Amino acid sequence: MDLSPVPGVDFDNYFKTPVISSALADGKDPLIVKSGEGNSAFSTVFDSALNLISEANAYSNAAEEEEIKFALGETDSIHDLQIAQQKANVSLQYTVAVRDAFLSAYKEIMNLQI
């Protein structure tokens, strides 16, 4: 059996370790505070929370639009309706969990003895 390489195929590229890229590793994550930006950690977290709320609101609006389309008979896709509702539900649950964690941290900070 001949194990010579197949002509025109570069096997070296198939056996390389894949490079995983993420916003966190690239430093593009909005929660990473860089010293030269002039933003405080609080303003970064606050902006992220506002973005989270607006995103949850957008998902809720999209779910409501899908409900209206389905009710009016403009679409027969119950699948799209359920996906939109689930996205809105998960987004709302996540927003509430972040709010609860923030309030818990705030209460602990306020109870610190100076």
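This structure is a prediction, so every number in the text was calculated from the model and none was measured. One is the number of the first residue; the rest follow in order along the sequence.
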Less than 3.5 Å apart, which donor and acceptor atoms pair up between the side chains of residues 102-114 and the rest of the protein, not counting sequence neighbours?
from: Asn111; atom 1: ND2; to: Lys107; atom 2: O; distance (Å): 3.2

Donor-acceptor list for residues 58-71 side chains, cut-off 3.5 Å, not counting sequence neighbours:
from: Asn61; atom 1: ND2; to: Asn57; atom 2: O; distance (Å): 3.4
from: Glu67; atom 1: OE2; to: Gln85; atom 2: NE2; distance (Å): 3.0

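With values rounded to the nearest 0.5 angstrom, Thr75 atom OG1 is found 9.5 Å from Ile78 atom CD1.
By the neighbour-count criterion of 12 heavy atoms within 6.0 Å, atom CG of Asp76 is sparsely surrounded, having that number or fewer from other residues, nucleotides or ligands.
In this structure Ser77 satisfies the side-chain hydrogen bond (donor to acceptor under 3.5 Å, both in side chains) test together with Asp80, sequence neighbours excluded.
Residues near Ile83 contribute nothing to a hydrophobic cluster around it, because no ILVMFWY side-chain heavy atom sits closer than 4.5 Å to its side chain. Grouped with Leu92 in one hydrophobic cluster are Val96, the linkage being side-chain heavy-atom contacts under 4.5 Å among Ile, Leu, Val, Met, Phe, Trp and Tyr residues.
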